[in-house]
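Below you'll find the structure, written out as structure tokens, and then a few comments.
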Amino acid sequence: RVKPECSSFAECGGCHWQNIDYKQQLIYKELLVKNAFNKIKEVKINPVIPAKDSYYYRNKTQFPVDISRKKIGLYALKSHYVINVDECRLVLKTINNVYRYIKKYLENNDYNIPDLRHVVIRGSQTKEDLYIIFVLGKENIESVTDIMNNLRKKFPGISIWCNINDEETNVIFGNKNIKVFEEGILTEDLNGIKCSFSPVSFFQTNTGQALVIYNLIKKWIKDDKDGIAIDLYSGVGAISLFIAGKFKTIIGVEEVKDAVKDAKNNAKMSNIENCEFIYGKVEDVMIKLIDNKLNANTVILDPPRKGC
């Protein structure tokens with residue numbers, strides 16, 4: 001055991017193993033995966049590949065706001081009780097800088113934004129781009145005008161969006177996104193592959209480890225210059241673009257419309273012309289592809305956490 005880096009570790013529900021030495025964490029995580037597969041014979045589980053950084057690496061986090069109790073921070077373990085935190089040791093330092101500024105603003109102004117539910121901040125690990133998304137319970141953009149103007153002065157170049165979520169739900173984002181100030185597109189540079197994404201599109205939260213994964217996929221896949229590969233749950237197209245040189249054509253399938261738009265834009269930015277991205281549910285699109293007698297020898301499956 002080790003002393004946790006974070007002073008909020010005992011209260012916060014964000015991370016559970018900070019009091020365990022990182023090398024020992026890797027052993028435990030490998031055991032968890034092995035136990036999950038223990039009913040399947042002859043399954044080889046490779047050792048966990050350690051991350052370069054175990055702190056200040058996450059490129060996204062969401063900070064819940066409790067207006068009635070005048071708090072912004074993170075949820076306590078297994079609850080929706082907001083605890084005050086000065087920073088999160090897991091997220092990029094650029095994100096913490098913005099969070100501290102927002103926290104101080106709310107404290108100095110008596111939490112005067114009644115419809116504010118969450119503040120979501122996304123940053124680039126390879127560049128200095130930042131997105132700030134204010135999640136509001138009502139479409140009252142005027143209520144965040146002052147804090148947005150202050151943020152733009154303090155952090156030139158940031159992009160600010162508002163998301164409207166008027167549902168009584170645990171889901172953070174609603175269906176409506178409003179672009180307020182967009183100075184640029186949030187972009188990661190993955191070994192020359194330009195990967196940008198809109199505020200609510202999914203991207204791996206650990207950019208460094210994402211690059212490790214993509215390199216492994218590229219290493220494991222055999223070249224098939226005349227063949228077709230299918231990338232299911234393709235997101236913003238990162239994996240497709242990373243392995244594009246190994247195939248004649250890659251077809252990505254994704255059910256989030258903004259992510260499909262991002263993927264097409266990323267292909268264009270990276271000058272990659274052999275990737276096609278289709279909007280739709282995987283189970284529906286695959287039936288159509290099979291009916292059209294598509295012949296693909298390689299399928300990449302990277303489903304969301306809920307599975308496929």
Side-chain angles (χ1 to χ4, degrees), residues 13-14 58-67 71-75 79-82 85 88 90-92 95 98-99 102-103 106 111 113-124 129-145 147-148 151 158-188 195-207 210 233-238 254-263 265-266 277 279-282 302-308:
R58 279 183 63 97
N59 56 39
K60 173 190 173 184
T61 196
Q62 46 271 342
F63 298 100
V65 181
D66 186 337
I67 294 296
K71 284 188 176 184
I72 182 173
L74 295 168
Y75 286 131
S79 78
H80 285 99
Y81 180 85
V82 178
V85 295
C88 175
L90 300 187
V91 305
L92 297 174
I95 291 178
V98 173
Y99 164 70
I102 292 173
K103 184 174 186 288
L106 291 173
Y111 284 77
I113 309 173
D115 299 315
L116 184 60
R117 297 175 59 156
H118 279 84
V119 176
V120 181
I121 309 174
R122 302 185 73 166
S124 170
D129 305 331
L130 281 168
Y131 275 150
I132 303 173
I133 306 134
F134 291 103
V135 182
L136 302 173
K138 294 180 182 177
E139 192 173 330
N140 183 11
I141 309 302
E142 292 77 14
S143 67
V144 287
T145 298
I147 189 172
M148 290 191 295
L151 282 164
I158 62 170
S159 296
I160 304 177
W161 291 63
C162 287
N163 175 273
I164 311 304
N165 185 359
D166 57 3
E167 300 288 334
E168 292 295 328
T169 173
N170 292 333
V171 176
I172 293 174
F173 289 124
N175 293 321
K176 187 170 185 178
N177 297 303
I178 301 170
K179 179 171 61 178
V180 186
F181 301 110
E182 185 172 49
E183 303 295 338
I185 301 174
L186 192 64
T187 304
E188 295 281 16
C195 199
S196 66
F197 37 93
S198 51
V200 298
S201 292
F202 174 78
F203 186 75
Q204 297 289 344
T205 54
N206 186 337
T207 305
Y233 305 97
S234 53
V236 298
E254 172 58 50
E255 64 181 70
V256 178
K257 189 173 287 187
D258 283 347
V260 174
K261 183 179 178 181
D262 291 335
N265 182 56
N266 292 335
F277 296 100
Y279 166 65
K281 291 188 175 182
V282 164
D302 184 19
R305 190 175 299 178
K306 65 182 180 182
C308 57

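In this text, all values refer to a predicted model and were calculated from it rather than measured experimentally.
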Could you tell me whether the side chain of [X] and the main chain of [Y] form a donor-acceptor pair under 3.5 Å?
{"X": "Asn266", "Y": "Val236", "result": "yes"}
{"X": "Gln204", "Y": "Asn206", "result": "no"}
{"X": "Thr205", "Y": "Arg58", "result": "no"}
{"X": "Glu188", "Y": "Ser124", "result": "no"}
{"X": "Tyr99", "Y": "Val119", "result": "no"}

Which heavy-atom pair separates [X] from [Y] by the least distance, and what is that distance?
{"X": "Ala263", "Y": "Gly235", "result": "CB-O, 3.9 Å"}
{"X": "Pro64", "Y": "Gly73", "result": "CD-O, 3.0 Å"}
{"X": "Ile164", "Y": "Lys138", "result": "CD1-O, 3.9 Å"}
{"X": "Lys71", "Y": "Tyr81", "result": "NZ-OH, 3.4 Å"}
{"X": "Tyr233", "Y": "Glu254", "result": "C-OE1, 3.5 Å"}

For a 4.5 angstrom cut-off between non-hydrogen side-chain atoms, does [X] reach [Y]?
{"X": "Val82", "Y": "Ile72", "answer": "no"}
{"X": "Trp161", "Y": "Val200", "answer": "no"}
{"X": "Leu74", "Y": "Phe63", "answer": "yes"}
{"X": "Ser196", "Y": "Asn265", "answer": "yes"}
{"X": "Val135", "Y": "Gln62", "answer": "no"}
{"X": "Phe202", "Y": "Lys60", "answer": "no"}
{"X": "Val144", "Y": "Ile160", "answer": "no"}
{"X": "Phe134", "Y": "Ile147", "answer": "yes"}

Inset, instruction - Answer with yes or no whether the side chains of Asp258 and Ser201 bring together a donor and an acceptor at under 3.5 Å. - result: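 There is no such pair between these side chains.
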Legend entry - Stepwise side-chain contact (heavy atoms from CB on, under 4.5 Å) check, Ile141 with Met148: CA-CA 10 Å; Ile141 309 302; Met148 290 191 295; 4.1 Å; yes
Legend entry - Mutual orientation of the aromatic rings belonging to Phe203 and Phe197 [parallel < 30°, tilted 30-60°, perpendicular > 60°]: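 Parallel: the ring planes of Phe203 and Phe197 meet at under 30°.
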Inset, instruction - Anything under 30° is parallel, anything over 60° is perpendicular, the rest tilted; go ahead and classify His80 against Tyr75. - result: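 Correct class here is perpendicular.
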Inset, instruction - Using the test salt bridge (charged side-chain N to carboxylate O under 4.0 Å, His left out), find all partners of Lys179 that sit at least two apart in sequence or belong to another chain. - result: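 Glu182.
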Quick one: [atom1] on [X] to [atom2] on [Y], what's the gap to the nearest 0.5 Å?
{"X": "Asp262", "Y": "Lys257", "atom1": "CG", "atom2": "NZ", "answer": "13.5 Å"}
{"X": "Ile67", "Y": "Arg117", "atom1": "CD1", "atom2": "CZ", "answer": "11.5 Å"}
{"X": "Ser198", "Y": "Asn177", "atom1": "OG", "atom2": "CG", "answer": "7.5 Å"}
{"X": "Ile121", "Y": "Asn59", "atom1": "CD1", "atom2": "CG", "answer": "12.5 Å"}
{"X": "Ile158", "Y": "Asp129", "atom1": "CD1", "atom2": "CG", "answer": "11.5 Å"}
{"X": "Asn140", "Y": "Leu116", "atom1": "CG", "atom2": "CG", "answer": "11.0 Å"}

Inset, instruction - Step by step, work out the side-chain contact (heavy atoms from CB on, under 4.5 Å) result for Ser159 and Leu186. - result: CA-CA 9 Å; Ser159 296; Leu186 192 64; over 6 Å; no
Inset, instruction - With side-chain contact (heavy atoms from CB on, under 4.5 Å) as the test, would you mind laying out the steps for Ile172 and Asn165 before giving the verdict? - result: CA-CA 8 Å; Ile172 293 174; Asn165 185 359; 5.8 Å; no
Legend entry - Check against side-chain contact (heavy atoms from CB on, under 4.5 Å), Thr61 and Leu90: CA-CA 9 Å; Thr61 196; Leu90 300 187; over 6 Å; no
